[in-house]
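Below you'll find the structure, written out as structure tokens, and then a few comments.
Sequence lines set the chain letters: A, B, ... in the order given, protein chains first and strands last, and positions in each chain run from 1.
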Amino acid sequence: MRSGLSCRCSPFSSNARLSLRRSSTAPHHPILSLVPTSPSFPQLLQAHAQLVVRGLTASRAAMAHLLAHCALCTSAPPHYFHAIYARIDRPNVFAANNLLRCLARSAAPSDSLLFYSRSRRAGVLTNNYTFPFLLQACSRTPVVAEGAQVHAHVVKLGFDGDLYVRNALIHFYSSCCEMDESERVFNEFPERRDVVSWNAMLAGYARTGRIDVAEELFEGMPERDAISWSTMIMGYVQGGILEKGLKLFREMVDKGEMVNEAALVTVLSASAQLGLLENGQFIHSNIKARNFPITLAVGTALVDMYAKCGSIKLSKQVFDGMPQRDVFAWNAMVCGLATHGMGKEALELFQRFLNEGLRPTSVTFVGVLNACSRAGLVAEGRQYFKSMIEDYGIEPEMEHYGCIVDLLGRAGLVSEALELIEGMSVSPDPVLWGTLLGACKIHGLLDLGITIGNKLVELDPSHDGHYVLLAGIYAKARKWEDVIRVRRLMSNRGTNKVAGWSLIEAHGSVHKFVAGDREHKDSSEVYMTLEMIGRRLGEAGYMPDVSSVLHDIGDEEKVHAITEHSERLAIAFGMMVVDADLPIRIVKNLRVCGDCHEFSKMVTKVFGREIVMRDGSRFHHFKEGNCSCLDYW
DNA sequence: GTAGGGTTAG
């Protein structure tokens, strides 16, 4: 891992414009011409009422156009468009296509297939417009066999020369990750393709993780539009190559390409994952400067970004200012509050959510249970877990068990947590055992901890973290020969060691440190600062705890290894460059070790600084010698 | 009337 990864964070350096992609063309009918392009359900009902008032409900054309408007409304319930279709006298292919389109976008897209075969039997004709809708439905429930059948119909009925149909086919196969088939359609008639065909291929390669192929395609495309760019950016971000995604976004802006909602949402998500507050803020300020609307997706991505970048205050501000909120937005806010240890606020928000009549999802409960755990609300946590299953019919997933095990473990109810794990219908994953092991360690249940630790190593012998956990509990039990044995086992098996890093932003650049890092351009100053900090902490009575260092080396060297953990280098660097009245914000990929946690607390006490540290699973707000996690993590 | 891209999770 290179350190001092310098990446200028100015995604909007040029005067490129932002645009929202317009929704599909609104169907035209004189009476319905005032219906907005993406109407809300009430607006749709208003339009319907107009038709009733003017006595037009018997007009096939008017009703079919109303149905066309339904397809552009995301909140119209399926029974409504079925009812409209049922009122149309001798429905023609236009009406049938529009119902197909409505169904394809509904929660049960496969209904459009049922409707298609039924209307064919009833003698309603198909035309070239029929298949893009039908294939869209197939793409949303990607079952290869059904789409392949539709493909056969396309060929049989002679629509395989239509560009829109071909593109829908490419998209369908790409959605099913059947890239060989996509390529076949794509290459069949090279003259019958356009930028949409290329974009569908690009998305397919990105989805199947073939980033290098996608990259090559992107480079070689005869023409690119905003969707090509946002698809490629998404490919990088979803493939975990976040920095490349951010870089391409900047290039997109610099080239003067219209920035679309998908690109914004994707780069906000990348900033969130990397914890790049300055980068995220810059994207936000530009969204504001260019009057880009805070849509549901953009608002949610902002709420999530601010929470993940350590600024729960700004996250709340965006959430409160959102013109409308859906369950995604609420989930992001509830989960954000919970990871910041603000359990009470998260539960209050959940209550508001319920009061608004919204239905929680399984993700909502991850946030709620997590909030209970962080606030030590054992009884409430049990109650919500029960309610999730019984009142909302949500099957508990591994994440929910994780929260409950954490909740019980934190409260010292380790045997109850163990019982819960053993009674699960799905087999517990290593993370769950790791959570329980953590509880054993905190509460001094060393024998049980050792048993679990051994189980973990057995479950996944290639994961170095498990050996570290097991060795850690042996160390706590002062069984030094076992510590050495486990450490040897780890190196003999050649486990995959995940390199730990800490990242800090300063004045538009990102600085990444690994343990013992000497690559940073200010390295010598960083070490001098670290030494100074060590001296001051020593005077204040801080003693490094070397029990978490597992290397088979002398004590003095152990102290050395621990004093060069990546978070300490980042803290030292933060002390050098971050204004004294601002918190030092650090993002780590792994969990913070016990001693670095203590070190961070001491720094805030001795130097009067504030440190916000995001580790592998939560936030630590260090202030005046204390941490928001109350020393349990 | 048509096709392509996106957000939440221990």
Nearest to the [X] side chain among [options], which nucleotide is it?
X      : options              : answer
A:C335 : B:dA9, B:dT7, B:dT2  : B:dA9
A:F328 : B:dA9, B:dT8, B:dG6  : B:dT8
A:A297 : B:dA9, B:dG1, B:dT7  : B:dT7
A:T231 : B:dG5, B:dG1, B:dT8  : B:dG5
A:K308 : B:dG10, B:dT8, B:dG5 : B:dT8
A:S269 : B:dT8, B:dT2, B:dG10 : B:dT8
A:A262 : B:dG6, B:dG1, B:dG10 : B:dG6
A:A203 : B:dG1, B:dG5, B:dT8  : B:dG5

Salt bridge (Lys or Arg N to Asp or Glu O under 4.0 Å) between A:R184 and A:E188, worked out: CA-CA 6 Å; A:R184 255 191 30 209; A:E188 200 177 14; over 6 Å; no
Ring centroid separation A:W198 to A:F218 under 6.0 Å: no
Kindly say whether the aromatic ring centers of A:H153 and A:Y116 come within a distance under 6.0 Å. yes
In whole angstrom, what separates [X]'s [atom1] from [N]'s [atom2]?
X      : N     : atom1 : atom2 : result
A:D160 : B:dA3 : CG    : C1'   : 16 Å
A:N97  : B:dT2 : CG    : P     : 11 Å
A:M322 : B:dT7 : CE    : C1'   : 9 Å
A:D304 : B:dT8 : CG    : P     : 5 Å
A:F385 : B:dA9 : CZ    : P     : 20 Å
A:M221 : B:dG5 : CE    : P     : 13 Å
A:L264 : B:dG5 : CG    : C1'   : 12 Å
A:L103 : B:dG1 : CG    : C1'   : 15 Å

Answer with base, sugar-phosphate or nothing: what part of the nucleic acid does [X] contact at a heavy-atom distance below 4.0 Å?
X      : answer
A:M232 : nothing
A:V366 : sugar-phosphate
A:L135 : nothing
A:R374 : sugar-phosphate
A:D194 : base
A:N92  : nothing
A:D326 : nothing
A:N98  : base

Above 12 or not: heavy atoms from other molecules or residues under 6.0 Å from CD of A:E395? no
Ignoring hydrogens and angles, answer whether the base of B:dG5 and the side-chain atoms of A:N260 contain a donor-acceptor pair closer than 3.5 Å. yes
Between the base of B:dG1 and the ring of A:Y129 - centre-to-centre under 5.5 Å, planes within under 30° - is that a stack? yes
Is the shortest side-chain N/O distance from [X] to OP1 or OP2 of [N] below 4.0 Å?
X      : N     : result
A:H171 : B:dG5 : yes
A:R105 : B:dA3 : yes
A:R207 : B:dG5 : yes
A:Q238 : B:dT7 : yes
A:Q136 : B:dA3 : yes

Can A:N331 and A:T364 be counted as having a side-chain donor-acceptor contact under 3.5 angstrom? yes
Salt bridge (Lys or Arg N to Asp or Glu O under 4.0 Å) with A:K588: which residues, sequence neighbours excluded? A:E567
Side chain to side chain contact (heavy atoms under 4.5 Å, CB included) involving A:V196 - partner list, sequence neighbours excluded: A:N167, A:D194
